[in-house]
Amino acid sequence: MSKQYLQDQIIQAAQKALDVKLNAQSIILERPKQAAHGDWATSIALSLAKELKAKPRDIAQKIVDSLDLDPSLVAKTEIAGPGFINFKLASGWLYSELVTLLDKKNSFGCCDHGKREKVQVEFVSVNPTGPLHVGHGRGAFVGDAIARLLQSVGYQVHREYYINDAGNQIDKLGRSVLARLNQIWGRPFEFPEGGYQGEYLKDFAAQLDSEQGARLKALPPDQLLSEATRISRDGMLENLKLSLKDLKVEFDEWFSEVGLVGSGAISRSLGELKKKGYLYDQDGAQFFKASEFGDEKDRVVIKSTGEHTYFAADIAYMLNKFGRGFKRLIYVWGADHHGDVPRMKGAAKALGHDPDSLEFILMQMVRLIEEGREVKFSKRSGVIVTLDELRDEVGPDVMRYFFLMRRSESQFDFDLDLARKHSDENPVFYVQYAHARICSIIDHAREKGIARTKSDLSLLKEKEEINLIKALLEFPEVVLGAALAREPHRLPTYLQDLAGVFHTFYHQHRVVTDDAGLTQARLDLCDAARIVFANGLSLLGVSAPEKM
RNA sequence: GCGCCUGUAGCUCAGUUGGAUAGAGCAUCUGCCUUCUAAGCAGAGGGUCACAGGUCCGAAUCCUGUCAGGCGUACCA
């Protein structure tokens, strides 16, 4: 890679000319915004000025004089402005990297940066008490995209969904369904306090009645409740799995809280904490000394009722993950849980794990906007726009792209009207259109009976061609950067830029012409662009249509 | 009150570890389809980067304060 090469050369030159030792991290190479400033630029002379007590431009000059760059790789080196050193790459280098791109095909953009390190990503983990709504979509898509990105840069990624299938909420679900059943049967019923009031449970109960009503009606009350609970929990979970699968969000493991409790992991984890002196009893409850690890206060792990808290289960689950050999645990959470981060890191530290190996991706809230006004949604109140409904209206591609376009830290207003329009206003079409257009060109060439031969890429000399090649070659850096920063939104940004560069090329130059050699070269360029669009979209889980 | 996130064009948002003249889409206006997809291209207008200080050769980016919005501050999930 060109960046690596330049970094090495600058380090050597600085050593030789100025007798300073630099490492690769300190050589900041960036792509200048303006083409006139070359392909790569470094401000190293500016940052060394203070330390060396010399003028930045003089330092730059000394470095440049000592550089021994291969002219077939770097065409021009110059000092500009206050002391930037600008590099212009030789076109031959671009062509050889383009060949590499064409050879790598689907794996272009992948690398082995992660060295097969085991990383666990936990996301969604919504209680199985109702359908997924629009607010859950963000976590689902961002978690999925982060997993895809990490996988592509060489990590061994394990995706998990933690199922809260034990405890209060499931009880409430069961009682809510039972109430609906009794309602249908004309039996006296009382809706549980804080139960789930949504329409979806009426429908669920009605279907349950039609399928197994006779059997259920005959059960004694206790058994009826436990049956209703079991059936509704399993049913809700099954629906969650289907919804996510339809949106191409998949998991390697569905991790059950019931299983965790049953294995005794929670009491073992708490025992461990107790042994180390981090637990104490107060008011009939057990507390973890979170305040010793920077949290605001100590946190309850066992309530005075004897039940464990979510936090207790989270600790046990965390230990379970470490026990399976994961070096890094990524939690994709809604920002409303950010207050839980210090206690989790504290528990990790208390149990002898590096708190920095726990990583929390906190996503700000999603607001649903319809007709310019915010729509409140909540499972318990029952007003829901489900992910399923949205998918039926706008399709998975639009949804995924929409949710992945924005940084996680900023609040996201999901404009229902705009999403429903399904119009060309949506940027996902802009990117997909570029891909479809390329496929169409390649088809056109095939229909004209043009046989593909090995091309001479050096025929690609036009400004728009060079710009396109450079933009394509940036892709691996974008992927790696997005993966390491856990910022999937960088991909849509890049792909939109790339689409613009491609469309400009397309309008300026014909691919299939009478010039056989040039046609071959441009078809190769199109192939390269198609590869990058396809790879980029696939990392987002968005389809790359061949026709639109 | 305290903690976390956010504030960039009329609207929705990008802006890499501080870099050279702050970008895109939508909206508005002007051109471009007998030639590989016009879901496209070319161009124009539009900015006190919330505000005030500070650090730095250099700040939308880092620090402090102020203002505004969101979230959190449970033996809830």
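Lettering follows sequence order; numbering is per chain, from 1. If you're wondering where the values come from, they're calculated on a predicted model, not measured in any experiment.
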| task | Please check the phosphate of B:rA14 (OP1 and OP2 only) for any side-chain N or O of A:Ser410 closer than 4.0 Å. | result | yes
| Donor-acceptor pair, A:Asn86 side chain versus A:Gly38 backbone, under 3.5 Å? | no
| said: Quick check for you: among B:rA14, B:rG70, B:rG3, whose closest atom lies nearest to any side-chain atom of A:Gln411? | reply: B:rG70
| query | Between A:Arg407 and B:rU6, does any side-chain N or O lie under 4.0 Å from OP1 or OP2? | reply | yes
| query | Within the distance-only criterion (no hydrogens, no angle test), does the side chain of A:Gln520 pair as donor or acceptor with the backbone N or O of A:Ala451 below 3.5 angstrom? | reply | yes
| What's the CE-C1' distance between A:Met363 and B:rG72, to the nearest Å? | 16 Å
| request: Return no unless some side-chain N or O of A:Tyr430 is found under 4.0 Å from OP1 or OP2 of B:rC26. | output: no
| message | Between A:Thr129 and A:Leu173 (side chain of the first, backbone of the second, donor and acceptor by atom type, cut-off under 3.5 Å), is there such a pair? | response | no
| task | May I ask you to verify if any side-chain N or O of A:Lys33 is less than 4.0 angstrom from the OP1 or OP2 atom of B:rA20? | result | yes
| Phosphate oxygens OP1/OP2 of B:rA74: is one of them under 4.0 Å from a side-chain N or O of A:Lys297? | yes
| said: Rounded to whole Å, please give me the gap between CG in A:Asp340 and C1' in B:rC71. | reply: 12 Å
| task | May I ask you to verify if any side-chain N or O of A:His37 is less than 4.0 angstrom from the OP1 or OP2 atom of B:rU21? | result | no
| query | Can you find a donor-acceptor N/O pair under 3.5 angstrom joining the side chain of A:His338 to the base of B:rG3? | reply | yes
| task | Please state the C1' separation for the pair B:rG65 and B:rG47 - nearest whole angstrom. | result | 25 Å
| field | P-based separation of B:rG10 from B:rG18 [nearest Å] | value | 29 Å
| request: Under a 3.5 Å limit for both distances, which nucleotide forms a Watson-Crick or G-U wobble pair with B:rG53, could you say? | output: B:rC63
| Between A:Leu362 (CG) and B:rG72 (C1'), how many Å, whole number? | 11 Å
| message | Heavy atoms from C-beta onward define the side chain here; which of B:rC75, B:rC36, B:rA14 lies closest to that of A:Arg510? | response | B:rC36
| message | Can you check the distance between B:rC62 and B:rA24, where both ends of the measurement are the C1' atom (answer in whole Å)? | response | 26 Å
| query | To the nearest angstrom, how far is A:His507 atom NE2 from B:rG40 atom P? | reply | 9 Å
| said: With rounding to the closest Å, how many angstrom separate the P atoms on B:rC67 and B:rA52? | reply: 15 Å
| Gap in Å between the two C1' atoms, one belonging to B:rG7 and one to B:rU12, rounded | 14 Å
| query | Which whole number of Å gives the distance between the P atom of B:rU6 and that of B:rU17? | reply | 14 Å
| Euclidean distance for P, B:rU21 against B:rA59 (whole angstrom) | 11 Å
| message | With rounding to the closest Å, how many angstrom separate the P atoms on B:rG25 and B:rG45? | response | 15 Å
| said: Quick check on B:rA38: is either OP1 or OP2 less than 4.0 Å from any side-chain nitrogen or oxygen of A:Arg437? | reply: yes
| query | Syn versus anti for B:rC57, judged by chi lying within 90° of 0? | reply | anti
| said: Please report the distance, rounded to the nearest Å, between CG in A:Asp497 and C1' in B:rC13. | reply: 13 Å
